[in-house]
Amino acid sequence: MGSMAKIAIKLFVLTAVLALVVVATAAVKAQLTRHYPVPTFVKGVKYEDGDWKWAEAKKGTVKGKVTFSSRRPKQPLVVYLVKLGDDDKPGAQGVYDAPSTLEVTQNGGKFEPSFAVLVRNQKASFVNDEEDEISHNVYFLGDIEADLGIFDQGESREHEFEEAGEVSVHCSIHKRMDGKFYVAPSPAYAVVESGDDSFEISGVPTGKYKLHTWQKQKRFKDFEATIEVKDGQVSDITVEMKR
Amino acid sequence: MKMNSFSTALIGLALLFVGCASAPSFPDPKPGQGQILVNLQGEAREGVEGPNRRTVEGEYSSSSESVEQGKAFERVDYDEIEDVVVFLRDVSAEFDASYDEPPTTYLYSSDEQAMAVEGEGFSRRCIGVSGAQEGKPAVVNLTNERSTPVTVFAFNEADDGFEQTINAGQTTGLRFFEEGSYELYCDELDEAFCVVHVYNSAFVWNGSSEETPFFDGLAEGGYIVLVKAPRLPPESITVGVYAGKRATVTAKLTVNDLPEVSE
């Protein structure tokens, strides 16, 4: 064997050993470092249903105006009610029939709808209705975090939202495939679209509630107020969105 | 001396090993100080395969193309995740080293970062800034590179936020007085979105996963490395730093740790 070949072999062996030592050291160091994934997978608010039923309750209406201290956003605002217990803290929200399953399609690499308000205990069905053999993945981040898996053309997956809160929806394969959902604690909510300045929530079981707001694009401090709903009556309120 | 092809191949392989074994070069720690090096490791979701392909018949021949055509089907490149933010915070009060009194560390880094409004959105989807010392805000300098004015706004519960109009070509400093995450939007651009993460008393690094965050001149003690990236769960790593040593940690940028929900 030529001298060049001998030198080359020695150099090769030396650097291979060096590379192995570097890799092994890194592996040992990685084991010694404490590593904590951060996500607490369900940060959404859990509400109790309790025993009472919406269908059997007396009901009233909440009606209101929305005012803005500066330029109003183009994106929607959600006004929702949380029933309070005797201690003025969130109580049992009651048993109700959740709205029908929301179908979310994915044709063209887009979630449709890309924004929706659901109700706690409502299901969403994610349908891969692509025209070609394109797979998607659906995962959630935010107040609710989960991965629904990969599904191929023609497949669909359902998910029941058991907690309330804000959820961003993504596909881990396609970088522009995003959506946002808000899960309201109960059917007592209204969406105030851009251009609207009033809302009405009808069929609300009587009792004491805390009214809250949620903004798709946060611009103001979210509003909170306590409101009483009485049988057959309309309760008026002005929602003031301010900084 | 005659080099045969075998020798050439071995030398080539040896050079390849040298290249692979050597990380980007960083200075050695100074006496009495330590370092933290963060390897950012993007990881695609398990089970994802490459795009399917179809045959396209031309006039004289046929070719193969991906079925995923168009901007909407652009795939995430987990080898180069953009807009990654790394914060380094001191947790020496919680560090379980054998000191009678944990060493104290004051972390300070540049409290101004920059980005732009360009095209249909912001130049970054996620930016970190270390801020607010004694009432002085953290600042992100935002340049309007469009030809028309834009109004940007953000709000955080601890801070009243802001709403600012920026004329074409101008730069304004967006001020953040409280620690937290601020969602930044633009009235004129529906798709514009950026999360500004503000942490007090922290080093901050903004870059992409192809780069290597490196923190030098650290006092001994415990630290938390916080890694945030758009559309990915955040990660937190606790690490101890010792004088004269470099600690290396790996942060995974992946959705693979999310709980999988099956029907």
Side-chain angles (χ1 to χ4, degrees), chain A residues 2-5 7-9 11-12 14-16 18-19 22-23 26 29-30 33-39 41 70-71 73-75 108-110 130 132-135 137 139-141 145-150 157-159 168 170 172-178 215 217-222 243, chain B residues 1-4 6-8 10-11 13-15 17-18 20-21 44-45 47-49 51-52 54 67-68 70-77 151 153-157 160-161 163 183 185 187 190 226 231-239 247-250 252 255 257-263:
Chain A
S3 58
M4 273 306 295
I7 291 169
I9 289 170
L11 188 59
F12 177 83
L14 183 65
T15 50
L18 187 64
V22 167
V23 168
K29 275 191 177 172
T33 303
R34 282 173 288 166
H35 175 128
Y36 302 115
V38 155
F41 301 114
S70 65
R71 187 193 304 205
K74 292 184 197 170
Q75 299 294 328
K110 289 183 291 192
E130 291 286 2
D132 292 305
E133 284 184 61
I134 297 173
S135 299
N137 157 250
Y139 69 98
F140 308 134
L141 291 178
E145 294 184 348
D147 183 343
L148 297 195
I150 298 170
R157 299 279 163 88
E158 259 190 10
H159 181 76
S168 65
H170 308 281
S172 68
I173 304 170
H174 302 106
K175 66 198 280 187
R176 298 176 202 281
M177 205 164 156
D178 301 315
Q215 303 161 70
Q217 287 187 354
K218 205 164 176 67
R219 193 183 198 117
F220 305 97
K221 188 171 175 55
D222 274 317
R243 297 187 166 274
Chain B
M1 267 185 278
K2 198 174 165 185
M3 287 252 293
N4 59 29
F6 177 67
S7 310
T8 311
L10 279 180
I11 290 173
L13 273 172
L15 288 171
F17 263 107
V18 167
C20 290
R45 201 209 176 275
V48 172
E49 296 174 352
N52 286 311
R54 59 180 164 222
V67 298
E68 295 181 15
K71 211 171 167 183
F73 293 109
E74 221 175 303
R75 287 199 168 206
V76 179
D77 182 356
T151 298
F153 60 92
F155 187 87
N156 179 284
E157 285 299 327
D160 281 346
E163 192 173 300
E183 293 183 353
Y185 297 101
D187 273 333
D190 289 343
L226 277 167
R231 303 170 90 245
L232 292 171
E235 185 157 36
S236 171
I237 304 167
T238 305
V239 57
T248 302
V249 299
T250 297
K252 288 200 296 181
V255 300
D257 292 329
L258 289 175
E260 188 157 345
V261 179
S262 49
E263 280 183 290

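In what follows, chains are A, B, ... by sequence order, proteins preceding strands, each numbered from 1. Note that these values count all heavy atoms, side chains included, but never hydrogens, waters or copies made by symmetry.
- Under the 4.5 Å side-chain criterion, counting only non-hydrogen atoms from C-beta, A/S172 is not in contact with B/V76.
- Once rounded to the nearest 0.5 Å, the distance linking NE2 of A/H170 with CG of B/L232 reads 8.5 Å.
- Contact check on A/E133 versus B/R54 returns no salt bridge, with no Lys/Arg side-chain nitrogen under 4.0 Å from an Asp/Glu carboxylate oxygen.
- The minimum heavy-atom distance linking B/L258 with A/F140 is given by the pair CD1-O, 4.2 Å.
- Here the side chains of A/K175 and B/R75 are not in contact, with every heavy-atom distance at 4.5 Å or above.
- When heavy atoms are compared at a cutoff of 4.5 Å, A/Q215 does not approach chain B at all.
- When heavy atoms are compared at a cutoff of 4.5 Å, B/D77 does not approach chain A at all.
- Within the 4.5 Å cutoff, the side chain of A/D178 has heavy atoms near those of the B/R231 side chain.
- Contact of the B/E183 side chain with the A/Q217 side chain is not registered, since no non-hydrogen atoms from C-beta on lie closer than 4.5 Å.
- Figure legend: cation-pi geometry between A/R219 and B/F153, with NZ or CZ positioned under 6.0 Å from the six-membered ring centre and within 45° of its axis.
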Q.
Using side chain to side chain contact (heavy atoms under 4.5 Å, CB included), reason through A/Q75 and B/D190 one step at a time and then give a plain yes or no.
A. CA-CA 9 Å; A/Q75 299 294 328; B/D190 289 343; 4.1 Å; yes
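- Looking at A/L141, the atoms closer than 4.5 Å to chain B (heavy atoms on both sides) all sit in the side chain, from C-beta outward.
- A heavy-atom distance below 4.5 Å is found between the side chains of B/R45 and A/D147.
- Contact detail for B/G161 and A/R243: the closest heavy-atom pair is C-NH1, 3.6 Å.
- Between B/D187 and A/R71, at least one side-chain N (NZ, or NE/NH1/NH2) sits under 4.0 Å from a carboxylate O, which counts as a salt bridge.
- Scanning all heavy atoms of the two residues, the minimum distance from B/A72 to A/G108 falls at CB-O, 3.3 Å.
- Only the side chain of B/Y185 has a heavy atom closer than 4.5 Å to any heavy atom of chain A.
- Looking at A/I150 and B/E49, their side chains never come closer than 4.5 Å, going by heavy atoms from C-beta outward.
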Q: Please report the C-alpha distance between A/E130 and B/F73 in whole Å, then the side-chain angles of each, then the deciding distance to 0.1 Å, and finally whether the side chain to side chain contact (heavy atoms under 4.5 Å, CB included) criterion is met.
A: CA-CA 11 Å; A/E130 291 286 2; B/F73 293 109; 3.2 Å; yes
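- In this structure, the portions of A/K218 lying under 4.5 Å from any heavy atom of chain B include both its backbone and its side chain.
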